[in-house]
Amino acid sequence: MRVSRFFMPLLRETPAEAQIVSHRFMLRAGLVRQASAGIYSWLPLGHRVLRKIEQIVREEQDRAGAIELLMPTLQSAELWRESGRYEAYGKEMLRIKDRHDRDLLYGPTNEELITEIFRSSVRSYKDLPRNLYHIQWKFRDEIRPRFGVMRGREFLMKDAYSFDVDADGARKSYNRMFVAYLRTFARLGLKAVPMKADTGPIGGDLSHEFIVLADTGESQVYCHRDLVDMPVPENVDFQGDLTPYINQRTSLYAATEEKHDADAFAAIPEDKRLAARGIEVGHIFYFGTKYSKPMNAKVAGPKGEDVHVEMGSYGIGVSRLVGAIIEASHDENGIIWPESVAPFRVGLISLKADDPKTREVCEDLYAKLGAAGVDVLYDDTEERAGAKFSTFDLIGLPWQVIVGPRGLANGQVEVKNRRTGERQNLTPEAALNLLTRGNG
RNA sequence: CGGGGCGUAGCGCAGUCUGGUAGCGCAUCUGGUUUGGGACCAGAGGGUCGCGUGUUCAAAUCACGCCGCCCCGACCA
C-alpha cells in the first residue's frame with residue numbers, strides 16, 4: 001500500500017478525551033474514530049489489526065475443535081424470556097422495538113440463541129461433544145464507557161459454547177478452551193495469566209479470567225510470579241489429556257480481586273508474590289445446565305434417557321485486545337506492534353520522493369517485498385524526512401526500511417527494528433533477504 | 001444513576017466573570033526557499049461560538065430548558 005493512496009488520518013495533537021495511552025495512540029495513529037460514547041468506527045489501519053487478531057483467534061479455536069458459525073446481532077426477546085434473563089439483565093441490555101412493536105434486543109451475549117439452535121437440531125449423545133463459536137459484534141449499554149475500545153459499549157467478541165452429555169465431558173471441553181486461550185494470547189504477543197474468577201451474572205461454578213498485566217488495567221489481580229512467564233503448550237493434542245497443562249497453572253495461586261484469598265496469597269514466597277493491575281481479555285465459564293434446563297435442551301443418553309446438556313461458554317474480547325496489546329507494547333513515540341498483528345509488517349520510507357535513484361530503489365523494493373508476500377506500507381509522499389520518521393514510529397510497524405540519497409551513495413539502505421531501535425545498513429538485496437526470511 | 005467538568009475552525013486552546021458583531025498555535029490550500037528526526041518566509045481559505053427559548057438596541061458572553069462528551073464512584077469481554 002502506498003501512503004499517497006491510503007487513508008490514514010493522523011492526529012498530531014492528542015484529543016482531550018483520551019486518558020490512557022492505548023486510546024491516545026489509537027486516535028493519533030488513525031486506528032479508530034469515536035462515533036458516539038463507547039462506539040467506534042474502525043479506520044483502515046485499525047481494521048487491519050482487528051482482522052489479524054480475529055484470524056488468530058479463529059485459527060486457535062478451529063485447532064481446538066470448535067466450529068464457526070455466525071449468529072445475528074439482533075435477537076428476539078422471546079428466547080430471553082425463556083431463560084429468565086430478559087428481566088434479569090437490566091439496563092445493560094439495549095432493547096429495541098420493531099415496526100410491529102415486537103421486542104428485540106441487541107445481543108450482549110448469545111447463550112439463549114445458541115441453545116435454541118442446538119436444541120432444535122441435536123437429539124443424541126452421539127452427536128456430542130460440540131463446541132460452536134462465532135465472532136460477532138455485541139452491545140452492552142455500559143453506564144460509563146471509557147478507555148476507548150477497552151471499555152466500549154459496542155465491541156467485537158469471540159464467544160464459544162460447548163455442549164456435553166455429562167459434567168466430565170464438559171470439564172474436558174473447558175480444558176480445551178483453556179489451552180486454546182493460552183496459545184491464542186501468546187500468538188498475539190501477550191503474556192496472559194489465567195486466574196480464578198467470579199462468574200458474574202452468567203453463573204456457574206468454574207471460571208477463569210485471562211488477564212494481561214498492565215498498569216492501566218481495570219482489575220486488581222494477585223498471582224504467583226512464575227505464572228507470568230510460564231511457557232505456552234506447543235504441539236497440543238486437543239483430543240488427548242490436557243489436565244497436566246491445566247494443573248501446572250491452577251496449582252499456583254492466581255485470582256482476581258473478587259476471588260482473592262489473602263491467606264493463600266501470603267503463603268506464596270514473598271519474592272514470588274505479584275499484586276498488579278490487569279486487563280481481562282478472555283473469560284471462560286462452565287455453567288452446567290443453567291440454560292439447558294429452563295430452555296429444555298436435551299439429548300438422549302446411552303441408555304435412552306433424556307439428559308439436559310452440560311454447557312460452558314468462552315469469550316475473548318477481540319476489539320478490546322487491540323487496546324490491550326498497545327497497553328502492553330508501546331514507547332513514548334508510539335505503538336510497537338507484535339509482528340503477528342501489525343497492520344503492515346514493513347514501512348518503506350522514501351526520504352526523497354523526487355530523487356530518481358531513491359525512487360527507483362524504493363519502487364523495486366516495494367515490488368519485490370509485495371511479490372514475496374510481505375505487507376508493506378510505502379511512504380512515497382513528499383513529506384519531510386522527520387515527519388515520516390515520527391509517523392512510522394507512531395503507527396508502530398515492526399520494521400522500517402529507510403531509503404535516501406545519503407545511504408544510496410554507499411549502495412545501502414537502513415533497516416530499523418521498531419521494538420529494539422536497532423539499525424542496520426544493508427544493500428537493498430540484503431534488506432530484502434532479511435525481511436523475506438521466514439515469510440511464506 | 002450520584003458527584004465534578006467541558007462543548008468556540010479538522011486538532012489543541014484563549015475570549016465568557018465585566019454583553020458591543022470572534023482570535024492564537026498546529027493542520028489545510030497557493031507561491032517561493034528548503035529537504036536524513038515533526039522546516040522557513042509570504043499570502044489565502046475555513047466558524048449557524050452544541051441546540052432551543054428568553055432578557056437586551058445588541059448575546060460566544062446573562063437566564064431557563066435540552067442534547068452531546070469527558071473525569072471520579074457502584075457494574076462488565
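Below, read A as the first sequence line, B as the second, and so on, with proteins coming before strands; counting in each chain starts at 1. Just so it is clear, the values below take in all heavy atoms, side chains as well, and ignore hydrogens, waters and symmetry mates.
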When rounded to whole Å, the CZ to C1' distance for the pair A/Arg144 and B/rG2 reads 12 Å
Here the distance between atom C1' of B/rC75 and atom CE of A/Met93, to the nearest Å, is 15 Å
(Q) Checking base pairs now: Watson-Crick or wobble, both atom distances under 3.5 Å. What partners B/rG23? (A)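 In the structure as shown, B/rG23 has B/rC13 as its Watson-Crick or wobble partner.
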Non-neighbouring partners of A/Tyr86 that pass side chain to side chain donor-acceptor pair (under 3.5 Å), sequence neighbours left out =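 Listed in chain order: nothing, the list is empty.
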Using a 3.5 Å cut-off and no angle test, enumerate the donor-acceptor pairs between side-chain atoms of residues 8-15 of chain A and protein atoms at least two apart in sequence or in another chain.
none

Nearest-nucleotide check on RNA chain B, A/Ala35 vs A/Ile316; residue mapping nearer the 5' end is A/Ala35
request  = Mind calculating the distance between CZ (A/Arg33) and P (B/rC69) to the nearest angstrom?
outcome  =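 That distance rounds to 16 Å.
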If pairing means Watson-Crick or G-U wobble with both distances under 3.5 Å, then the partner of B/rA63 is B/rU53
Quiz item: A/Arg151 side-chain donor-acceptor pair to B/rC75 base, under 3.5 Å = yes
Next on the checklist: In whole Å, measure the gap between the C1' atoms of B/rU61 and B/rC26 for me.
Outcome noted: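 Looking at atom C1' only, B/rU61 and B/rC26 are 27 Å apart.
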In whole angstroms, the gap separating P of B/rC70 from NE2 of A/His23 amounts to 8 Å
G-U wobble or Watson-Crick pairing nucleotide for B/rC1 (cut-off 3.5 Å, both distances) =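 Partner of B/rC1: B/rG73.
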Scan the side chains in residues 34-42 of chain A for donor-acceptor partners under 3.5 Å anywhere in the protein, sequence neighbours excluded, and list what turns up.
{"residue": "A/Gln34", "atom": "OE1", "partner": "A/Tyr40", "partner atom": "OH", "Å": "3.1"}

Legend entry - Which residue lies more 5' along RNA chain B, comparing A/Ala37 with A/Glu209 via nearest heavy atoms: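 Going by which nucleotide is closer to the 5' end, it is A/Ala37.
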Open item on the list: Tell me every residue that passes salt bridge (charged side-chain N to carboxylate O under 4.0 Å, His left out) with A/Arg151, counting only those two or more places apart in sequence or in another chain.
Closed with: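 Scan of A/Arg151 (salt bridge (charged side-chain N to carboxylate O under 4.0 Å, His left out), adjacent residues dropped) gives A/Glu142, A/Glu218.
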Could you please name the partner base of B/rG68, counting Watson-Crick and G-U wobble pairs only when both distances are under 3.5 Å?
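For B/rG68, the partner nucleotide comes out as B/rC6, under the 3.5 Å rule.
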Counterpart residues, ring-ring contact (aromatic ring centres under 6.0 Å, His included), relative to A/Tyr181 (two or more places apart):
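Here the qualifying residues are A/Phe185, A/Phe210.
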Check: So, is A/Gln19 close to the B/rC72 phosphate, meaning a side-chain N or O under 4.0 Å from OP1 or OP2?
Finding: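 For B/rC72, neither OP1 nor OP2 has a side-chain N or O of A/Gln19 closer than 4.0 Å.
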Exercise. State which residues pass salt bridge (charged side-chain N to carboxylate O under 4.0 Å, His left out) with A/Arg95; sequence neighbours excluded, sorted by chain then number.
Key: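 None.
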Exercise for the section: Under the side chain to side chain donor-acceptor pair (under 3.5 Å) rule, collect the residues that match up with A/Arg63, sequence neighbours excluded. Expected result: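 Counting only residues at least two positions away or on another chain, A/Arg63 forms a side chain to side chain donor-acceptor pair (under 3.5 Å) with A/Glu60.
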(request) Could you tell me whether A/Asp331 and A/Arg418 make a salt bridge, using a distance below 4.0 angstrom between a side-chain N and a carboxylate O? (result) yes
Scoring nucleotides 27-40 of chain B by protein non-hydrogen atoms under 4.0 Å (B base, S sugar-phosphate only, - none) yields S------B-BBBB-
### Query
What integer number of Å spans the P atoms of B/rA63 and B/rG7?
15 Å
When rounded to whole Å, the CD to C1' distance for the pair A/Glu142 and B/rC70 reads 16 Å
Next on the checklist: Work out how far the C1' atom of B/rC17 is from that of B/rA59, and round it to whole angstrom.
Outcome noted: 15 Å
(Q) The criterion is ring-ring contact (aromatic ring centres under 6.0 Å, His included); which residues satisfy it with A/Trp337, sequence neighbours excluded? (A)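 Testing A/Trp337 for ring-ring contact (aromatic ring centres under 6.0 Å, His included), a comparison that skips the adjacent residues, returns none.
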side-chain hydrogen bond (donor to acceptor under 3.5 Å, both in side chains) test vs A/Tyr253 passes for just one of A/Arg273, A/His224, A/His260, namely A/His260
Between CZ of A/Phe210 and P of B/rC76 the distance, given in whole Å, is 19 Å
Does B/rC71 have OP1 or OP2 under 4.0 Å away from a side-chain N or O of A/Arg146? no
Just call it for A/Gly152: base, sugar-phosphate, or nothing, with non-hydrogen atoms closer than 4.0 Å on any strand.
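Since a base atom lies under 4.0 Å of A/Gly152, the category is base.
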How far, in whole Å, is B/rG19 from B/rG15 if one measures between their C1' atoms?
13 Å
### Inter-nucleotide C1' distance (B/rG38, B/rC62), Å rounded
44 Å
* To do: Can you sort out which residues in residues 180-189 of chain A have a heavy atom within less than 4.0 Å of RNA chain B? Ascending by number, please.
  =>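 Contacts with RNA chain B under 4.0 Å: none.
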When rounded to whole Å, the CD to P distance for the pair A/Glu13 and B/rG12 reads 8 Å
Sorted by chain and residue number, the salt bridge (charged side-chain N to carboxylate O under 4.0 Å, His left out) partners of A/Lys52 (sequence neighbours excluded) come out as A/Asp375
Pairing partner of B/rU34, by Watson-Crick or G-U wobble and under 3.5 Å for both distances, is none
Across every strand shown, the nucleotide meeting Watson-Crick or G-U wobble geometry with B/rA44 (both distances under 3.5 Å) is B/rU28
Handout entry: Span that lies between the C1' atom of B/rG23 and that of B/rA14, in whole angstrom
Key =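 My reading of the C1' atoms in B/rA14 and B/rG23 gives 7 Å.
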C1' gap between B/rG47 and B/rA27, integer Å: 16 Å
Here the distance between atom P of B/rC76 and atom CD1 of A/Ile279, to the nearest Å, is 18 Å
#### Entry: Same-atom distance (P) from B/rA9 to B/rG3, integer angstrom
30 Å
query: When the ring planes of A/Tyr222 and A/Phe265 are compared, do they come out parallel, tilted or perpendicular, using 30° and 60° as the limits?
result: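 Ring orientation of A/Tyr222 relative to A/Phe265: perpendicular.
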Would one find more than 12 heavy atoms of other residues, nucleotides or ligands at under 6.0 Å from atom CG of A/Asp215?
no
- request: Scan A/Glu17 against the nucleic acid and name what it touches under 4.0 Å (heavy atoms): base, sugar-phosphate only, or nothing.
  value: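 A/Glu17: backbone/sugar contact only, no base atoms under 4.0 Å.
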Contact residues, residues 39-66 of chain A to RNA chain B [heavy atom, < 4.0 Å] =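 Heavy-atom cutoff 4.0 Å gives no residues at all.
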Checklist line | For A/Val49 against A/Pro343, the heavy-atom pair lying closest together | finding: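 Looks like CG2-CD, 3.6 Å.
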Sugar-phosphate only, base, or nothing, as touched by A/Val318 at under 4.0 Å among non-hydrogen atoms |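 If one applies the 4.0 Å heavy-atom cut-off, A/Val318 turns out to touch nothing in the nucleic acid.
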